[in-house]
Amino acid sequence: MKNDPLSMPLFEMRLEEIHRADPWLRYEISIRDFVTLFPVRYKNGAPIKPEHPAAYGVDREVFLKVLVAFSQCFH
């Protein structure tokens, strides 16, 4: 995985797009709160896939979109 300085802002932008596209999310959680559900952590300099947020009920379909966005931004 590359550590491109544009990867993080691109990932956040993709999360915002996922949020805007989902009618349920738009009314349940703010964009900022949604983005903070998926912090990017690093191990040995490489970004680690985000985990499903236990504290908030993000459905499987939305979480899969988040994982795809992560893979596209950090690979």
Acceptor/donor pairs from residues 8-19 side chains to any protein atom, 3.5 angstrom cut, sequence neighbours excluded:
from, atom 1, to, atom 2, distance (Å)
Arg14, NH1, Gln72, OE1, 2.4
Arg14, NH2, Gln72, OE1, 3.0
Glu16, OE2, Arg32, NH2, 2.3
His19, NE2, Leu25, O, 3.4
His19, NE2, Ile29, O, 2.5

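Every residue two or more places apart in sequence or in another chain that forms a side chain to side chain contact (heavy atoms under 4.5 Å, CB included) with Ser71 is listed here: His75. With sequence neighbours left out, Phe63 forms a ring-ring contact (aromatic ring centres under 6.0 Å, His included) with His52.
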Review point. Would Asp33 and Thr36 count as a side chain to side chain donor-acceptor pair (under 3.5 Å) if you check the C-alpha gap in whole Å, the side-chain angles of each, and the deciding distance to 0.1 Å?
Key: CA-CA 5 Å; Asp33 289 343; Thr36 60; 4.5 Å; no
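Heavy-atom minimum distance, Cys73 versus Ser7: O-OG, 2.9 Å.
Within the 4.5 Å cutoff, the side chain of Leu37 has heavy atoms near those of the Phe34 side chain. Annotation: side chain of Val66 is in contact with side chain of Pro50 (closest heavy-atom distance under 4.5 Å).
Both Tyr42 and Val35 are assigned to one and the same hydrophobic cluster, defined by single-linkage of ILVMFWY side chains at heavy-atom distances under 4.5 Å. Hydrophobic clustering, with ILVMFWY side chains joined whenever heavy atoms are under 4.5 angstrom apart, groups Phe38 together with Trp24.
Note: Ile31 CD1 to Arg20 CZ = 4.0 Å, rounded to the nearest 0.5 Å.
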